[in-house]
Amino acid sequence: MNTTEQTSKNFIENIIDQDLENGKNDSRVHTRFPPEPNGYLHIGHAKSICLNFGIAKKYDGGLCNLRFDDTNPIKEEDEYVDSIIEDVKWLGFDWQDRLYYASDYFAQMYTYAIQLIKAEKAYVCDLTADEIRAHRGTLKNPGAESPYRNRAIDENLDLFQRMKNGEFGNGSKTLRAKIDMESPNLNMRDPVMYRVLKAPHHRTGDTWCIYPMYDWAHGLEDSIEGITHSLCTLEFEDHRPLYDWFLEQLGVYHPQQIEFARLNMSYTIMSKRKLLRLVEEKHVTGWDDPRMPTISGLRRRGYTPKSIRNFAEKVGIAKRDNIVDMALLEHSVREDLNQHAPRVMGVLDPLKVVIDNYPEGHVDELEAINNPGNPDAGTRMVPFSRELYIERADFMEYPPRKFFRLAPGREVRLRYAYFITCQNVVKDDNGNIIELRCTYDPATKGGSAPDGRKVKGTLHWVSAPHAIDAEIRLYDRLFSVQNPGKEHDFVEDINPNSLTVLKECKLEPSLKNPEKRIIYQFERQGYYTPDLKEYSKDYPVFNRTVSLRDSWAKIEKAQQR
RNA sequence: UGGGGAGUCGUCUAAGGGUAGGACACCGGGUUUUGGUCUCGGUAGUUGGGGUUCGAAUCCCUGCUCCCCAGCCA
């Protein structure tokens, strides 16, 4: 098995190839991942991270910076900075010593702004936010020039300095680029470069009373860092003329902005604003709730960095809007986990089985394979005794066609153990099945019959006296519709059954001291991992990462129809 | 009806004048001490209409549909 599928180049790599061929940028390739620290990273960011760091890795000598675009102190916090650093690192990427902050460039940006003022390309405007909006015009109608547009250079210089010094109140003045109020591109209608904002910044404290706007700042950040290809999402396409305009007016190094389509996935949301609302309104337990599409949520759920990187590779890069099937993400994690996850046995919904002809008090230690795909993973011993648990769903009193598991009078294999035959069904007063009485064939120890007879079903099981009690959390998609929020408020689309808590699960004793961040395969069930936050020896809690593919479920479903 | 983008199997993504390919999903066969894995096979696509050409997903014309833009957010 190899994952070196022939992956064709995406359109950005084609552009880079061309640039390299033409000797552009001294044949350097330098990208950056520029998150705003105003929330946790999600799977959509992972796509961008893999793109930017991936390109740096693919090209000889390529580099990728991690840069915090922290130009709005009102929304940004160190907590987010820390989580972003952790997540990018965890995904497996390395920015070496190139961890940057836009706020480190504030002084340089200020100097550049003065340069534009002196060139009569920027002016201080006294219009209020409402007035600026009114002057901007509409999509179809041109805007009107600000009455402050033609202030003298010296006056602009003086006013701008006083803005910086904090002499004016929040929102009272802005620095604007002098471009074209009639441009069909609204971004070019004298965009605001600086706003007065007296708010403490997470890094610069109260040093600044003015903060740069994205359009002004971002190109400068790229330019200062010598970025060659500045990759961003489609909604910034309209901003590219402005990105180019600023750099051109300044006459500084000019990176190339290239836009690609952001990731969308079925049955989830990818907007930081909406994710924040899920957290604040307690629809989830936090940013790292295992149901969240955040990197931290996926990590806690049991997703591996590699599975996320492979996923990013599979979804590709293009410019068309897309909604990627959740099944692709699940496939990616199964693909990775199948190769690496140690196999164990765990019963989620236990049904007691007593082996009547098995000697009381006796225990067999049976050898079980840790990973059938990888002999190096070795084996372990699993105890077997007279009283066991099997999965309730593995028994049916009146089995339908194609049901190969246990039923009255039927013989099945207990994995790595013995063939057993169901002799009696014990019920309580309400008719609920509470126990099965079975017999075993001692000659089938290990799971095969010397006489060569076959059984159709193999069941997982746990020895009752040896079992570890555990809580297991099963997760389903967070939303019950493909495109949450399409019809109404997205909160109404939350899947009420996104979490199922099982409290009486029985696990094999080898799971007594599970390593954190190890994802196990509970055979025939799925992949499970100790919860990073709530697992304890006294109260073991496991999260289901993803179920195994279940062809019986499909047959069952088909039979119902 | 201002500007900027985008339309290829159900989904994602290649092919940029020369056999429309891959992945996921789905459906079937084989192997199997996991109804897992692996393996073999199958279904399924170029937004409509014109044109150029021996030949068009690709070039031209003309429709249609979808997405983005009127923050002192990024």
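Computed from a predicted model, the values in this text were never measured in an experiment. To find a chain, count down the sequence lines: A is the first, B the second, and so on, and within it residues start at 1. As a basis for the values below, the full set of heavy atoms in this structure was taken, side chains included, without hydrogen atoms, waters or symmetry mates.
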Who passes side chain to side chain contact (heavy atoms under 4.5 Å, CB included) against A:Cys125, sequence neighbours left out?
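Partners of A:Cys125 under the side chain to side chain contact (heavy atoms under 4.5 Å, CB included) test: A:Tyr123, A:Leu127, A:Ser146, A:Tyr148, A:Thr174, A:Arg176.
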
Close N/O contacts between protein and nucleotides 70-74 of chain B (under 3.5 Å):
residue : atom : partner  : partner atom : Å
B:A70   : O3'  : A:Arg136 : NH2          : 3.4
B:A70   : O2'  : A:Arg136 : NE           : 3.1
B:G71   : OP2  : A:Arg133 : NE           : 3.0
B:G71   : OP2  : A:Arg136 : NH2          : 3.2
B:C72   : OP1  : A:Arg136 : NH2          : 3.3
B:C72   : OP2  : A:Arg136 : NH1          : 3.1
B:C72   : N3   : A:Gly171 : O            : 3.0
B:C72   : N4   : A:Leu127 : O            : 2.8
B:C72   : N4   : A:Ala129 : N            : 3.1
B:C72   : N4   : A:Gly171 : O            : 2.8
B:C73   : OP2  : A:Arg195 : NE           : 3.0
B:C73   : OP2  : A:Arg195 : NH2          : 2.9
B:C73   : O3'  : A:Arg195 : NH2          : 3.3
B:C73   : O2'  : A:Asn72  : ND2          : 3.0
B:C73   : O2'  : A:Lys75  : NZ           : 3.4
B:A74   : OP1  : A:Thr71  : OG1          : 2.7
B:A74   : OP1  : A:Arg195 : NH1          : 3.3
B:A74   : OP1  : A:Arg195 : NH2          : 3.1
B:A74   : OP2  : A:Tyr214 : N            : 3.0
B:A74   : O3'  : A:Asp69  : OD2          : 2.8
B:A74   : N6   : A:His239 : NE2          : 3.4

Sequence neighbours left out, what passes side-chain hydrogen bond (donor to acceptor under 3.5 Å, both in side chains) with A:Arg410? Give chain and number order.
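For A:Arg410 there are no side-chain hydrogen bond (donor to acceptor under 3.5 Å, both in side chains) partners, ignoring immediate neighbours.
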
Please list, chain by chain and in numerical order, all residues satisfying side-chain hydrogen bond (donor to acceptor under 3.5 Å, both in side chains) with A:Ser547, sequence neighbours excluded.
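Listed in chain order: nothing, the list is empty.
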
Write out a two-atom table: protein N or O, nucleotide N or O from nucleotides 29-31 of chain B, distance below 3.5 Å.
none

Who passes salt bridge (charged side-chain N to carboxylate O under 4.0 Å, His left out) against [X], sequence neighbours left out?
X        : result
A:Glu225 : A:Arg67
A:Asp441 : A:Arg453
A:Arg320 : none

Ranges pairing with ranges for RNA chain B, where each run has three or more Watson-Crick or G-U pairs under 3.5 Å:
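Expected stems, ordered by start: B:2-7 with B:64-69, B:10-13 with B:21-24, B:26-30 with B:38-42, B:47-51 with B:59-63.
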
Table of protein N/O atoms under 3.5 Å from nucleotides 9-11 of chain B N/O atoms:
residue : atom : partner  : partner atom : Å
B:U11   : O3'  : A:Ile323 : O            : 3.3
B:U11   : O2'  : A:Ile323 : O            : 3.0

Taking B:G41 as the reference, what is the distance to B:G48 when you measure between their C1' atoms (whole Å, please)?
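Comparing C1' positions in B:G48 and B:G41 gives a spacing of 35 Å.
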
Taking RNA chain B as the partner, which of residues 455-462 of chain A come within under 4.0 angstrom of it by heavy atom?
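Result for residues 455-462 of chain A: A:Thr458, sorted by number.
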
Should B:G29 be called syn or anti, with syn set as within 90° of 0?
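Anti conformation here, the glycosidic angle of B:G29 being more than 90° from 0.
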
Between the protein and nucleotides 63-65 of chain B, which nitrogen or oxygen pairs are less than 3.5 angstrom apart?
none

